[in-house]
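These notes concern the structure reproduced below.
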There are 2 protein chains.
Amino acid sequence: MSESRYLERGERILDAAAELVLRWGYRRVTIDEVAKLAGIGKGTVYLHFKTREALFLAVLIRDSLGLFDQMIAAIQADPAELLPHRQARRVYLGVMGRPLLRAMFSRDSDVLGALAHETSIARLTEMKLDLTGELYGLLREHGLVRTDLDIPAQQYALGAIQTGFYLVDPMMAGKHELDLESRADALATVIRNCVEVAGTPDPDLLRALASKIIALFEQLRLVMVAGVHGTPPKGD
Amino acid sequence: MSESRYLERGERILDAAAELVLRWGYRRVTIDEVAKLAGIGKGTVYLHFKTREALFLAVLIRDSLGLFDQMIAAIQADPAELLPHRQARRVYLGVMGRPLLRAMFSRDSDVLGALAHETSIARLTEMKLDLTGELYGLLREHGLVRTDLDIPAQQYALGAIQTGFYLVDPMMAGKHELDLESRADALATVIRNCVEVAGTPDPDLLRALASKIIALFEQLRLVMVAGVHGTPPKGD
DNA sequence: CGATGACCAATTATCAAATCTGGTCACGAG
DNA sequence: CTCGTGACCAGATTTGATAATTGGTCATCG
């Protein structure tokens, strides 16, 4: 089978898995049903993904990749997008607009079930943490973030703030009336007030940083792409 | 039975319930065992608390009351304690230092189980929300908090930030090395940066506000006290 | 050579019997 | 008379043995 046909079939499998997960939740979706919906035999699924877990992890990764590409494009279009509050806002909106990612971030155990707590997710989260670590290192070097908190404390605070914005909604049972955009704006304001310095950053500096930061993103992107599809038979 | 003896017995029941909940978790604790540990008969428990749920709710409320009194005392001792970042810090340390409250705030379903999601807790949370609403109203009137976010957005952000600091720990599986104090400091810094205005507030203003705010606290305190014990027989 | 579905071990769903427990209340102690 | 108690009951929960499902493999076939 040609590599392009192989990849196309992999996409069909991922499409099927994504649809079924959204419809019935992770726990209820069987490999058999995914195969059926993709119009192939069950064994064929295993030519693409070593285990059930790997398949659904790939679904999540593929969804994340879309958001990733959006981030890169946005920074390329406007380097000011690399500022923490702009990124936080964009990620928030991007996650909330993708049902699978939203389920993962809000620990929606009904849709994603155990998958969200699996070890394989941990590696992704860890890599993402490393990325933001390097990213804030860069921003700090160039005087774009505050230093009133030391680095571990600042990272911790950033993690806590974002965790909070992703998890608070289900807990405030209808007690607030903020639409998606307002919540994203609130998050952006908080992040800006907490970690960014006052004043408008130098556009030249931003442009220079943009390329470096995009390089970081691309690096992680490659790791993630590798995680989506297996290799075609005979190729390994 | 004298009222004081009645109340003392109620405390013994609460002590027993608290100890057993911490030892075995909400789900596994039976009224029978609570009664046995308190050295009384099972029926007697029901002279104090209408239902099992009410009993454990009272345990939680009693624990909260301790923290509440600490808050009031702190503001009385130093009116600057009424500033949001000081309060957030104190509440955080107070909650983390009380196993039952910590379990509730961190949604530790192993210890508290379903109780944390019960409706009766919701009323408490709602009252607490009302309190913070009025509290921030007061602070706003006197120019102590920012207005770069409108009130609903600011309340939402505050809720999200605090939610985050209470929930992020179990998610960052050992990936950070911040002790309790540092985390509390980080929370305080975030809150100050996000909702307080720059500069040192006028001590006279703080003193004047302190009494009003303490009045608010006392008001909620009374509601909570009423929720701890039932009334002695013949008294109702 | 790649795709497939029959096949297997192991997990998970089912369901009735047995056990437990929240809540009541008739009774007995004082 | 009042207050405390534990036997009692209905409903919920656990148990355990059985049946059904399903992740993953691989001999077979096109």
Side-chain angles (χ1 to χ4, degrees), chain A residues 1-14 16-17 20-21 24-59 109-110 113-115 117-120 229-236, chain B residues 1-14 16-17 20-21 24-59 109 113-115 118-120 229-236:
Chain A
M1 158 172 270
S2 79
E3 172 135 356
S4 77
R5 293 288 293 163
Y6 175 83
L7 289 178
E8 189 256 348
R9 189 176 61 186
E11 291 293 317
R12 280 217 321 279
I13 298 174
L14 290 173
L20 291 179
V21 156
W24 300 333
Y26 172 66
R27 262 169 39 111
R28 297 176 205 282
V29 177
T30 67
I31 301 287
D32 241 343
E33 279 157 5
V34 171
K36 199 162 293 174
L37 186 58
I40 58 179
K42 177 173 156 179
T44 310
V45 172
Y46 286 92
L47 296 178
H48 289 257
F49 306 97
K50 288 200 199 321
T51 66
R52 179 182 126 102
E53 190 191 317
L55 164 61
F56 290 105
L57 183 60
V59 170
S109 60
D110 195 48
L115 189 59
H117 307 298
E118 283 298 333
T119 49
S120 23
H229 290 289
T231 48
K234 195 68 178 184
D236 183 31
Chain B
M1 158 171 270
S2 79
E3 172 135 354
S4 76
R5 292 289 293 162
Y6 175 83
L7 290 177
E8 189 256 346
R9 189 176 62 185
E11 291 292 317
R12 280 218 320 281
I13 298 175
L14 291 173
L20 292 179
V21 157
W24 301 333
Y26 173 66
R27 263 169 39 112
R28 297 176 203 281
V29 177
T30 68
I31 301 287
D32 240 344
E33 279 157 2
V34 171
K36 197 161 296 174
L37 186 58
I40 58 179
K42 176 172 159 181
T44 310
V45 172
Y46 286 91
L47 297 179
H48 289 260
F49 306 97
K50 288 199 199 320
T51 65
R52 179 182 125 103
E53 192 190 317
L55 164 60
F56 290 106
L57 183 60
V59 170
S109 60
L115 190 59
E118 283 299 331
T119 49
S120 22
H229 289 288
T231 49
K234 196 70 176 182
D236 183 33

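Keep in mind it's a predicted model, so treat the numbers as computed, not measured. Lettering of chains follows the sequences in order, A, B, ..., and the numbering in each one begins at 1. Worth knowing before you read on, the calculation uses all heavy atoms, side chains too, and leaves out hydrogens, waters and symmetry mates.
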Could you tell me how the ring of A:Tyr6 sits relative to the ring of A:His48: parallel (under 30°), tilted (30 to 60°) or perpendicular (over 60°)?
parallel

Atom-to-atom span, CH2 of B:Trp24 to C1' of C:dT21 - whole angstrom:
14 Å

Without decimals, in angstroms, what is the distance between B:Arg28 CZ and C:dC20 P?
15 Å

A:Leu47 CG - D:dC26 C1' separation (whole Å):
12 Å

Hits for ring-ring contact (aromatic ring centres under 6.0 Å, His included) against A:Phe49, two or more places apart or cross-chain, chain-then-number order -> none

Residues at least two apart in sequence or cross-chain that pass salt bridge (charged side-chain N to carboxylate O under 4.0 Å, His left out) with B:Arg12, listed by chain then number, are B:Glu8

Report the distance from atom CD1 of A:Ile40 to atom CD1 of A:Ile13, rounding to the nearest 0.5 Å.
3.5 Å

Taking atom C1' of C:dG22 as reference, at what distance in whole Å does atom NE2 of B:His48 sit?
17 Å

Quickly work out the A:Tyr26 OH to D:dT22 P distance and round it to whole Å.
14 Å

In terms of heavy-atom contacts, A:Thr51 and A:Tyr46 come closest through CA-CE2, 4.2 Å

From CG (B:Leu20) to OH (B:Tyr26), nearest 0.5 Å:
13.5 Å

Considering only heavy atoms, which members of residues 51-59 of chain A lie under 4.0 Å from some atom of DNA chain D?
A:Thr51, A:Arg52

Any residue meeting side chain to side chain contact (heavy atoms under 4.5 Å, CB included) with B:Ser2, in chain and number order, not counting sequence neighbours:
B:Ser4, B:Arg5

What is the nucleic acid contact for B:Arg27, judged by heavy atoms within less than 4.0 Å: base, sugar-phosphate only, or nothing?
sugar-phosphate

Of the non-hydrogen atoms in B:Val34 and B:Ala16, which two are nearest, and what is the gap between them?
O-CB, 3.7 Å

Between the axis at one end of the helix from C:dC1-D:dG30 to C:dG30-D:dC1 and the axis at the other (five pairs apiece), what's the angle to 10 degrees?
20°

List the residues meeting side-chain hydrogen bond (donor to acceptor under 3.5 Å, both in side chains) with B:Glu3, not counting sequence neighbours, and say none if there are none.
none

Over all atoms of both residues, closest heavy-atom pair of A:His229 and A:Glu11
NE2-OE2, 2.8 Å

Tell me which residues in residues 32-46 of chain B put a heavy atom below 4.0 Å from DNA chain C, sorted by number, or none.
B:Lys42, B:Tyr46

Look only at the side chain of B:Arg52 and the backbone of B:Val29, and say whether a donor-acceptor pair between them is shorter than 3.5 Å.
yes

Taking CG from A:Leu20 and P from D:dT22, how many angstroms apart are they, rounded to a whole number?
13 Å

